[in-house]
Number of protein chains: 2
Amino acid sequence: MTKLRIGNKALIKDMNRSVVINTIRKVGPLSRTDISTQTGLGLSTITKIVEELKNSRLVFETGAANSTGGRRPILLEFNKQYAYAVGVKIMKDHLVLALTDLDATIIHSLEVPFHPTDSPTEIIQLIIHTIEQLLSKQQVKIDQVEGIGVAVSGLVDSKKGLVVRSPLLGWEDVALSKPIQDVFQKPVFIDNDVNAYTYAEVEKGHGLHQNNFICVSIGDGIGMSIVIDRKLYSGEFGGAGEFGHTIIQVDGRSCHCGQEGCLEMYASTIALEQESTVLFRSYPNSILLNKKLTFDSVYDAALAGDEMAIVLFDKLGYYLGIGLINAINSFNPGTIVLIGEGMIAQEYFLPTAITKAKKNFFYHDRYETKVLISRLGNDAWVKGAAILAINQLFQPPIYESTPSLLS
Amino acid sequence: MTKLRIGNKALIKDMNRSVVINTIRKVGPLSRTDISTQTGLGLSTITKIVEELKNSRLVFETGAANSTGGRRPILLEFNKQYAYAVGVKIMKDHLVLALTDLDATIIHSLEVPFHPTDSPTEIIQLIIHTIEQLLSKQQVKIDQVEGIGVAVSGLVDSKKGLVVRSPLLGWEDVALSKPIQDVFQKPVFIDNDVNAYTYAEVEKGHGLHQNNFICVSIGDGIGMSIVIDRKLYSGEFGGAGEFGHTIIQVDGRSCHCGQEGCLEMYASTIALEQESTVLFRSYPNSILLNKKLTFDSVYDAALAGDEMAIVLFDKLGYYLGIGLINAINSFNPGTIVLIGEGMIAQEYFLPTAITKAKKNFFYHDRYETKVLISRLGNDAWVKGAAILAINQLFQPPIYESTPSLLS
DNA sequence: AACTTTCTTTCTTCAGTGAAGCAAGTTATT
DNA sequence: AATAACTTGCTTCACTGAAGAAAGAAAGTT
């Protein structure tokens, strides 16, 4: 278990430095007095800590604000350019990389295609090479990079830095962190792609107003992540949130995972295919006939007024609603945030899903789980990957062996 | 959100006192040197803190152990009798109360029946009256009681001290904590009964070796609790773990909760009734005919060789296995602990359930979720209730406004 | 007598605190 | 305008009290 540090002067100092810098980082330009009242620390303490933070360039003074009847406050701001982070997302046939500042703002990003047949080793080499390219193009030295975050779809053991299994990439037991870490000598963090997105949601999205929520991703598969008190819960070996493989139908449709009746078979891209085989009988004239069914293609058909497309989404919405009920009844989250490519067609399936989901166990009780849609853009995946690396720098240093900028 | 305290001398002292007392409490008789090496605190610090703890009677010296070649160590032990706690479990038609020491060992317990038609107010008065009786019988003054914990089945908002809904008792929105607290002027903690049992499991059961697990209770209904890093996760308003009402069959059997296809309809006492209506056609000679079906009665029938009883448990096991799969795939716990009255018949349904549950999403990956059976006795419910009250006394005081013995 | 282990005492270190005071503005009064 | 009085922001410094280190006392064993 993560063990608490014992109390000594080093702990006091680490904690207070952490509080001060995180206050400045999150609440933005602040005067020393503001920080003092917000944190509860004495003014003299703030003065001393700010002095140090200024010397290490983590914080800088950014002129004086207007007076409110006395001496004008000197505003302090977090130096986002103190260092950089790199985010990587591994997709089916290409990589997305981004260089960000410490606020996770993307400075420059690159996309590099690869062949689906490329081996893990080749792809890892491609990642390393592209990071080098990204850095040299932006004239950033590796010493200025505080960490590298990588997002991969599939089952990821982030503690061990291992991709246990990724059906999308055809990977099994790939040690992803180590080779990258060996080259750059910088901390490398890997996680599941939905988890990475969720970090972005925590820091930049709905997490700004919610401390407990779950993210459900709808796309090729169904993913989930669990946020408790702003922290992600990963399960014993990173598999929490294999929600797509919870069973909603005893002895139902066979899933590629070996089970029967998985939610993923009823409310993802795969579900569109599955459901359509039956539906084509009733809708022989559907323009979807002989087309590859994806959220995009079915959405286009629905927009064009194709009845079968509309029915298809409606069915998907019903099953998704059941999935949401199960999530609500298991976790009782205050909020569910929906993400993923499937959301482009939300108008066609979400109303049905939400109507169904509202009839959950708690709906008698005035307690309602809000269902929200992520407002982050498509770059949230790679931004989240960068946040994997950034976040660890600013954790409150109360546990043993937490690395930190504030040493 | 729970906010971290700022670093100052008071924090240091609180933290270290907490570390020392919890080390003594958990690891048992220890010398000062032992504590020093275990905690990492300096010997002189330990001497000072132990001095204080001795003065406040929280710790006492219990003779000297054998020498290992030098001065004999003076063993220190936690004073379990420093104070008392009271645990209460509200059952369908009776109360169970227990007076415990600070190690949650039961000193004396009482059972008091009531009428199912009694109003919440009457039952609360009965609780208050019985606590008084329990204390006076044991000649304990209320000042010596550090807290009172109450376990109730149903949806409990423990932060607000509210029983939101308890179908078993027919309660809705009952403010349970406040009236008790008003009388005794001592902290009162309430929680769901499965959660209370889980606290006992954390402190006295499998939690001694596991930091992350879930408990699944099988009985009249199906309950669940989630333990992450030795802490219970309760959800936004205490409803996490309404696992019995996750849907395993789209449009399946109607549940009293208003949904269809809830797990509870397939793997609890209710399921036995439901399933039997069909099965009686195939087994017209079953000795279960015209009997009230409970785990007890069906178990007796199975022991007597009744085929239908055996089939009934086998079906229940299959569905339970599906429930366990859903729990495993959602939470990826290292361990599942099974509890509840249903476990008396485990030999007839568990093998089927575990066989099914093993075929979960992770079973390719050498990662296995252990399924264990709780070894705690029937008094774990009320013991857990007492632990609700005891635990808050020994929390590490790193968050703002955590009450503590060590002020 | 020499060594070990446990525990205590004394002294040192250093981070936060709070009062006093300085800095730099605004507001009211002349 | 000029001045005095007030406000707000920040800094300095003596003080407090926590852990820590070192020396040594206590109580054993070899």
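Being a predicted model, the structure only gives us computed values, none of them experimental. Both backbone and side-chain heavy atoms feed into the values below; hydrogens, waters and symmetry mates do not. Each chain gets a letter, A, B and so on, in the order the sequences are listed, and its residues count up from 1.
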May I ask you to verify if any side-chain N or O of [X] is less than 4.0 angstrom from the OP1 or OP2 atom of [N]?
X	N	result
Thr47(A)	dT11(D)	yes
Thr33(A)	dC10(D)	yes
Ser31(A)	dT8(D)	no
Ser67(A)	dT8(D)	no
Asn8(B)	dA18(D)	no
Lys13(B)	dA18(D)	yes

Any side-chain donor near an acceptor of the partner, Thr198(A) and Asn195(A), under 3.5 Å
no

Gln210(B)-Thr335(B) side chain donor-acceptor pair, cut-off 3.5 Å:
yes

side-chain hydrogen bond (donor to acceptor under 3.5 Å, both in side chains) filter on Asn16(B), not counting sequence neighbours, yields none

Let me spell it out: for each of Lys48(B) and Asp34(B), pick the nucleotide of DNA chain C with the closest heavy atom. Which residue's pick is nearer the 5' end?
Asp34(B)

Taken to the nearest 0.5 Å, the spacing of Glu146(B) CD from Tyr84(B) OH works out to 12.0 Å

Atom CD1 of Ile74(B) and atom C1' of dA26(D) are separated, to the nearest Å, by 9 Å

Round to the nearest Å and state the distance from Leu41(B) atom CG to dA21(D) atom P.
11 Å

Please classify the nucleic acid contact of [X] as base, sugar-phosphate, or nothing, using heavy-atom distances under 4.0 Å.
X	result
Thr68(B)	sugar-phosphate
Ile12(A)	sugar-phosphate
Gly42(B)	sugar-phosphate

Reading DNA chain C from 5' to 3', where do the contacts with chain B start and stop? Cut-off is 4.0 Å to heavy atoms.
dT4(C) to dT17(C)

Comparing nearest nucleotides in DNA chain D, the 5'-proximal residue of the pair Gly70(A), Gly7(A) is Gly70(A)

Within a radius of less than 6.0 Å around NZ of Lys160(B), do more than 12 heavy atoms belonging to other residues, nucleotides or ligands occur?
no

Flag this pair as yes if the NZ/CZ of Arg25(A) is under 6.0 angstrom from the six-membered ring centre of Phe394(A) and inside a 45 degree cone about the axis; otherwise no.
yes

Using the side-chain heavy atoms of Asn16(B), tell me which of these nucleotides is nearest: dA27(D), dA19(D), dT11(D).
dA19(D)

